[in-house]
Amino acid sequence: MAMEDPDRKTEVVLLACGSFNPITNMHLRLFELAKDYLHETGKYKVIKGIISPVGDAYKKKGLISADHRVTMAKLATNNSDWVEVDDWESSQSEWLETVKVLRHHHEKLSSPDPTVSLQNALPLTKPGRKRKQEPNRHDPIKKKNQSPDGKNVPQVKLLCGSDVLESFGIPNLWKLEDITEIIQNYGLVCISRAGNSTQKFIYESDILWKYKNNIHLVEEWITNDISSTKIRRALRRGQSIRYLVPDVVRAYIEKNDLYSPESEDRNAGVTLAPLQKNASDSKN
Ligand SMILES: Nc1ncnc2c1ncn2[C@@H]1O[C@H](COP(=O)(O)OP(=O)(O)OP(=O)(O)O)[C@@H](O)[C@H]1O
Ligand SMILES: NC(=O)c1ccc[n+]([C@@H]2O[C@H](COP(=O)(O)O)[C@@H](O)[C@H]2O)c1
Ligand SMILES: [Zn+2]
């Protein structure tokens, strides 16, 4: 079996969590940048990217319905052969901590259900592969990233921008135990600008410093300042968003008239779910 090959690369699934309100070309670029970076290390093989739009219960100001955000993300990734959209997170009735979304996807990939781990299982069962001819040479050694049936389970890594990493420092937004589990058990691939303060942020945090080997900082040399906030602003002002989001997304936004001054007022004055949750937790 291939898993004992010392040159075998660790398979990685990249999970991006966020509002995607709406998805932009920059969000799609994050995946390409992260994949190139991980492949250049020579140690990883990125087999899949997952976009997980946050549910409506997140209560971020201006957040339009998850149905529309998921549909737009699906339209945007229709022509990608490796990035897909998953609506499990957004179909939960409550807001979910990001670590729970990572756990869900890890469990899904570890599931013995062959339709779930198809991508992982296929090369091992293909007949006529060279490695299959020496079945006795290696005894299966159980590794921590193996599923109960002995298959190698890809690692799920959280893909984010440096703003998310730096938001770890905002009081009550993230639990320390969640940050620890994310970087210790999964790992982070963080896209940042050259010369920005992300390295310093890691240096100044004891917990991030401790697990810094599991934080991959990817420098974005071809900088791109598109953000969903700017897209919504342009739309409110009747300005063009062409070439900033995929054309199918632009058409969908226009057809459904998704962003307006009214939509921007959604959740105005409502506390963001994690802040609400963590503030009430710390009182108990
Ligand atoms: N220009 C960028 N560079 C690096 N990461 C980015 C960039 N834009 C978005 N991201 C990342 O994309 C993910 C999803 O972010 P999000 O949905 O908040 O999009 P956004 O464009 O930042 O939207 P908003 O302007 O509403 O905050 C996050 O991990 C965020 O850090
Ligand atoms: N404690 C947590 O797990 C926590 C806190 C804040 C945001 N998040 C997530 O980070 C992402 C941030 O998205 P936005 O940048 O659009 O707000 C969302 O997916 C959100 O669920 C998670
Ligand atoms: Zn953002």
Side-chain angles (χ1 to χ4, degrees), residues 14-34 37 49-64 66 69-70 72-73 76 83 85-90 92 94-105 157-183 186 188-194 196 198 217-235 241 244-245 249 259 263-264 266-267 271-279 281-282:
L14 294 168
L15 174 72
C17 290
S19 301
F20 303 101
N21 186 35
I23 190 162
T24 71
N25 286 347
M26 181 57 209
H27 293 133
L28 301 167
R29 287 289 303 158
L30 296 181
F31 283 94
E32 301 295 323
L33 290 161
Y37 172 90
I50 303 172
I51 294 175
S52 181
V54 77
D56 295 336
Y58 185 45
K59 299 286 176 207
K60 187 166 173 169
K61 187 173 172 292
L63 193 65
I64 69 159
R69 289 180 291 111
V70 167
M72 289 188 281
V83 181
V85 180
D86 193 287
D87 65 359
W88 176 82
E89 177 182 5
S90 65
Q92 308 300 309
E94 283 180 39
W95 171 77
L96 281 186
E97 285 86 351
T98 298
V99 73
K100 293 184 181 161
V101 185
L102 281 161
R103 284 185 203 145
H104 166 80
H105 286 286
K157 292 192 182 292
L158 186 65
L159 172 63
C160 66
S162 51
D163 57 319
V164 172
L165 181 86
E166 294 183 18
S167 82
F168 287 175
I170 298 172
N172 279 329
L173 194 60
W174 299 81
K175 285 178 269 186
L176 182 60
E177 67 215 62
D178 283 10
I179 296 173
T180 309
E181 185 175 336
I182 291 170
I183 51 176
Y186 298 93
L188 210 63
V189 182
C190 176
I191 312 294
S192 67
R193 295 282 150 81
N196 84 355
T198 314
L217 281 188
V218 183
E219 259 169 46
E220 184 201 359
W221 290 106
I222 308 176
T223 57
N224 183 339
D225 241 339
I226 306 171
S227 77
S228 300
T229 302
K230 289 179 179 170
I231 298 295
R232 296 196 305 275
R233 185 179 293 138
L235 286 165
I241 57 163
L244 300 175
V245 305
V249 172
Y259 295 101
S263 73
E264 199 61 25
R266 278 181 149 229
N267 300 320
T271 310
L272 198 69
L275 294 173
Q276 173 84 42
K277 199 166 180 178
N278 294 329
D281 281 358
S282 61

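Order of appearance sets the numbers: ligands from 1, and atoms from 1 within every ligand. Throughout, numbering of the chain's residues begins at 1 and tracks the sequence.
- Proximity of a side-chain donor or acceptor of Asp178 to a complementary backbone N or O of Val99 within less than 3.5 Å is not detected.
- Side-chain atoms of Thr198 never come within 3.5 Å of backbone atoms of Ser192 as a donor-acceptor pair (strictly under, hydrogens ignored).
- The immediate protein surroundings of ligand 2, defined as residues with any heavy atom under 4.0 Å of it, consist of Cys17, Gly18, Ser19, Val54, Tyr58, Lys60, Trp95, Glu97, Thr98, Leu173, Trp174, Pro274.
- Side-chain N or O atoms of Arg69 include one that pairs as donor or acceptor with a backbone N or O of Val54 at under 3.5 Å.
- No side-chain donor-acceptor contact under 3.5 Å links Lys61 to the backbone of Arg266.
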Under 3.5 Å, N/O to N/O: give me all the pairs between ligand 1 and the protein, one per line with atom names and distance.
unit_1	atom_1	unit_2	atom_2	d
ligand 1	1 (N)	Arg193	NH2	3.4
ligand 1	1 (N)	Asn224	O	3.4
ligand 1	17 (O)	Ser19	N	3.0
ligand 1	17 (O)	Phe20	N	2.9
ligand 1	19 (O)	His27	NE2	2.8
ligand 1	21 (O)	His27	NE2	3.4
ligand 1	21 (O)	Ser228	N	2.8
ligand 1	21 (O)	Ser228	OG	3.3
ligand 1	23 (O)	Ser228	OG	3.4
ligand 1	25 (O)	Thr229	N	3.0
ligand 1	25 (O)	Thr229	OG1	2.4
ligand 1	26 (O)	Thr229	OG1	3.1
ligand 1	26 (O)	Arg232	NH1	3.4
ligand 1	29 (O)	Gly161	N	3.1
ligand 1	31 (O)	Gly161	N	2.9
ligand 1	31 (O)	Asp163	OD1	2.4

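- Under the 4.0 Å criterion applied to side-chain N and carboxylate O atoms, Glu97 and Lys277 are assigned as salt-bridge partners.
- In this structure, Gln92 contributes its side chain and Trp88 its backbone to a donor-acceptor pair below 3.5 Å.
- For the pair Lys157 (side chain) and Tyr186 (backbone), a donor-acceptor distance under 3.5 Å is present.
- For the residue pair Asn267 / Tyr58, no side-chain donor-acceptor distance below 3.5 Å is found, with atom types taken as modelled.
- The main-chain N or O of Asn21 is found under 3.5 Å from a side-chain atom of Arg232 such that the two form a donor-acceptor pair.
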